[in-house]
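Have a look at the structure below, then the notes.
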Amino acid sequence: VRSTTSRKVLTLVIIRKGSDILLGMKKRGFGAGKWNGFGGKVEPGETILEAAKRELQEECHLRSDSLREVGLIEFEFKGDPVLEETHVLTSDVFEGEPKETEEMRPQWFSIDNIPYHQMWLGDKYWLPLLIQGEQFKGYFLFEGEEKILNYELKTS
Ligand code: 6OG
């Protein structure tokens, strides 16, 4: 029985620079205390790309006109009727220096030293695909924030 009753469309931006990726420590709200890419809800009237650019700028003061969508992940939380349709974008072309905001404390991490133990549990499955330059689609069913009941992931 499919109990999902609504979808929330979200963006998630991972900026790359050589062999580093930029993550932000989420300071408040959903996922606080975890390193993650930058993003949030797509507002009415906005495209995914516009929303991704806006969130990147709002959360760490970087601007990029070269974001490319490389992944689509559906996150579901057991018992929650909302399916989070999360569009993952990346670029290695950007302007500005990452700057801490109320929402995020940005930091560069070597791709050999990604802090998966302080990230969402699904990240260790899909982030390596992004780093390898692959496109992917996925689904993760969480029970609470620290357990994955099942997942599917495929590259395209
Ligand atoms: P706000 O509610 O702060 O946007 N997000 C997730 N990111 C990862 N890596 N894993 C998850 O697994 C996630 N669920 C949501 C999407 C929330 C931000 O957090 C991302 C948005 O960028 C469950 O506006």
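Only heavy atoms go into these numbers, but all of them, side chains included; no hydrogens, no water, no symmetry mates. One-based numbering, in listed order, for ligands and for the atoms of each.
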- Task: Examine W120 together with F142 and report whether their ring centres are nearer than 6.0 Å.
- Result: yes
Across all chains, not counting sequence neighbours, the side chain to side chain contact (heavy atoms under 4.5 Å, CB included) partners of S19 are I111
Members sharing F94's hydrophobic cluster, built from side-chain contacts under 4.5 Å between Ile, Leu, Val, Met, Phe, Trp and Tyr, are V9, V13, I15, L22, F38, V42, I48, L49, L56, L62, L67, L89, M104, W108
Exercise answer, ligand 1 polar atom pairs (N/O) under 3.5 angstrom:
from: ligand 1; atom 1: 3 (O); to: K26; atom 2: NZ; distance (Å): 2.7
from: ligand 1; atom 1: 7 (N); to: N36; atom 2: ND2; distance (Å): 2.9
from: ligand 1; atom 1: 9 (N); to: N36; atom 2: OD1; distance (Å): 3.1
from: ligand 1; atom 1: 9 (N); to: D123; atom 2: OD1; distance (Å): 2.8
from: ligand 1; atom 1: 9 (N); to: D123; atom 2: OD2; distance (Å): 3.3
from: ligand 1; atom 1: 14 (N); to: E84; atom 2: OE1; distance (Å): 3.2
from: ligand 1; atom 1: 22 (O); to: T11; atom 2: O; distance (Å): 2.7
from: ligand 1; atom 1: 22 (O); to: G40; atom 2: N; distance (Å): 3.4

Do the rings of F109 and W35 sit parallel, tilted or perpendicular, given the 30° and 60° boundaries? perpendicular
Residues at least two apart in sequence or cross-chain that pass side-chain hydrogen bond (donor to acceptor under 3.5 Å, both in side chains) with E69, listed by chain then number, are H87
Exercise. Is the distance between the ring centroids of Y125 and Y151 under 6.0 Å?
Worked result: yes
